[in-house]
Amino acid sequence: MIHPDRFKAQVMVVTGAAQGIGRGVALAAAREGAQLVLADRSPLVHEVAQDASALGAQVVVVEADLETSAGAHTLMGRALEDYGRIDILVNNVGGTIWAKPYQEYEEAQIEAEIRRSLFPTLWCCHAVLPAMIEGGGAIVNVSSVATRGIYRIPYSAAKG
């Protein structure tokens, strides 16, 4: 259900906005009046920005690697530079790299899964908190029903 002015004049940062849930959140928020900062490391995020703009949203795109603290700080810095505040952060980045029994994972694979699905949430929360403590706001962390699976244990742990 769309509520046309639910996010009117609110600044929303959406991570992992190039596809899937992030894309859906971005386009729904555009329909509901949000001013958007769309983040992804994939250049496909520019296509989502065009679609959101066509719906009437103001959109800023940031291509960044949110598996790093620097990427998260760049994202939040750009949002604050362009809009002056961040009202809503949607931490969506993540995704399974390998789906196999946990005992078959190598150490580097476990670390890669955690970097992909946990660190973006941690880094983005860390980067946005000073602005939100000062001005208020809400953080939405996207989880996954895959947390119930036995073949994606590192992903499940990260998203849980």
Side-chain angles (χ1 to χ4, degrees), residues 7 10-32 34-55 57-100 105-132 137-147 149 151-160:
F7 300 118
Q10 291 188 37
V11 177
M12 180 184 293
V13 175
V14 181
T15 71
Q19 58 188 339
I21 294 170
R23 180 182 188 281
V25 168
L27 296 179
R31 286 184 194 96
E32 296 183 8
Q35 298 172 355
L36 296 169
V37 181
L38 304 181
D40 207 291
R41 63 180 172 194
S42 169
L44 293 174
V45 71
H46 294 279
E47 294 176 19
V48 178
Q50 289 176 340
D51 293 345
S53 292
L55 294 169
Q58 275 187 289
V59 184
V60 172
V61 173
V62 179
E63 284 187 54
D65 181 358
L66 300 178
E67 292 180 19
T68 69
S69 176
H73 280 86
T74 295
L75 169 60
M76 300 313 159
R78 177 72 189 277
L80 291 169
E81 179 182 310
D82 285 19
Y83 291 117
R85 69 183 197 286
I86 299 167
D87 300 304
I88 304 163
L89 166 62
V90 178
N91 284 312
N92 172 63
V93 169
T96 299
I97 303 170
W98 300 278
K100 59 185 178 180
Y105 277 82
E106 298 170 16
E107 184 177 333
Q109 292 174 326
I110 294 168
E111 289 178 2
E113 292 273 5
I114 298 299
R115 271 193 313 279
R116 165 83 48 91
S117 295
L118 177 59
F119 276 103
T121 297
L122 294 176
W123 294 138
C124 286
C125 286
H126 189 257
V128 80
L129 277 175
M132 284 193 171
I139 298 172
V140 178
N141 295 326
V142 176
S143 186
S144 173
V145 296
T147 59
Y151 291 101
R152 298 185 241 179
I153 298 298
Y155 171 77
S156 298
K159 290 309 260 187

Inset, instruction - Could you walk me through whether R31 and L27 pass side chain to side chain contact (heavy atoms under 4.5 Å, CB included), step by step? - result: CA-CA 6 Å; R31 286 184 194 96; L27 296 179; 3.9 Å; yes
Legend entry - Derivation of the side chain to side chain contact (heavy atoms under 4.5 Å, CB included) call for C124 and M76: CA-CA 8 Å; C124 286; M76 300 313 159; 3.7 Å; yes
Inset, instruction - Determine, stepwise, if the pair R78 / D82 fulfils side chain to side chain contact (heavy atoms under 4.5 Å, CB included). - result: CA-CA 6 Å; R78 177 72 189 277; D82 285 19; 3.1 Å; yes
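Looking at I153 and I110, their side chains never come closer than 4.5 Å, going by heavy atoms from C-beta outward.
Note that CD1 of I97 is 8.5 Å distant from CD of Q109, once rounded to the nearest 0.5 Å. The NE2 atom of H73 lies 10.0 Å from the OG1 atom of T68; values are rounded to the nearest 0.5 Å. Atoms CG and CG, from D65 and L75 in turn, are 11.5 Å apart once rounded to the nearest 0.5 Å. Note that CZ of F7 is 13.0 Å distant from CD of Q35, once rounded to the nearest 0.5 Å. Atoms OG1 and CD, on T96 and E113 in that order, are 5.5 Å from each other to the nearest 0.5 Å. I21 contributes atom CD1, which lies 7.0 Å from atom OG of S144 (distance to the nearest 0.5 angstrom).
For the residue pair G95 and R116, the shortest heavy atom distance occurs at O-CG, 3.3 Å. Shown here for A57 and L36, the closest heavy-atom pair between the two residues is CB-CD1, 4.2 Å. Residues A49 and V59 approach most closely at CB-CG1, 3.6 Å, considering heavy atoms. Nearest heavy-atom pair across A18 and S42 is CB-CB, 4.1 Å. Nearest heavy-atom pair across L38 and A26 is CD2-CB, 3.5 Å. Scanning both residues, V61 and H46, for their nearest heavy atoms gives CG1-CE1, 3.5 Å.
Using a distance-only test at 3.5 Å, with no hydrogens or angles considered, no donor-acceptor pair links the side chain of S69 to the main chain of W123. Side chain of Y105 to backbone of P154: no donor-acceptor contact under 3.5 angstrom is found. A distance-only check finds a donor-acceptor pair linking the side chain of D40 to the backbone of A17 [under 3.5 Å]. Within the 3.5 Å criterion, the main-chain N or O of L118 finds no donor-acceptor partner in the side chain of K159. Side chain of Y83 to backbone of V37: no donor-acceptor contact under 3.5 angstrom is found. With hydrogens and angles disregarded, no donor-acceptor distance shorter than 3.5 Å links the side chain of N141 to the backbone of N91. Listed for the D87 side chain is a donor-acceptor partner under 3.5 Å among the backbone atoms of V11.
Of the charged side-chain nitrogens involved, at least one lies within less than 4.0 Å of a carboxylate oxygen, so that R41 and E67 count as a salt-bridged pair.
Screening residues 121-130 for salt bridge (Lys or Arg N to Asp or Glu O under 4.0 Å) gives no qualifying pairs among residues at least two apart or on separate chains.
Within a 6.0 Å radius of CD1 in I139, other residues, nucleotides and ligands contribute more than 12 heavy atoms.
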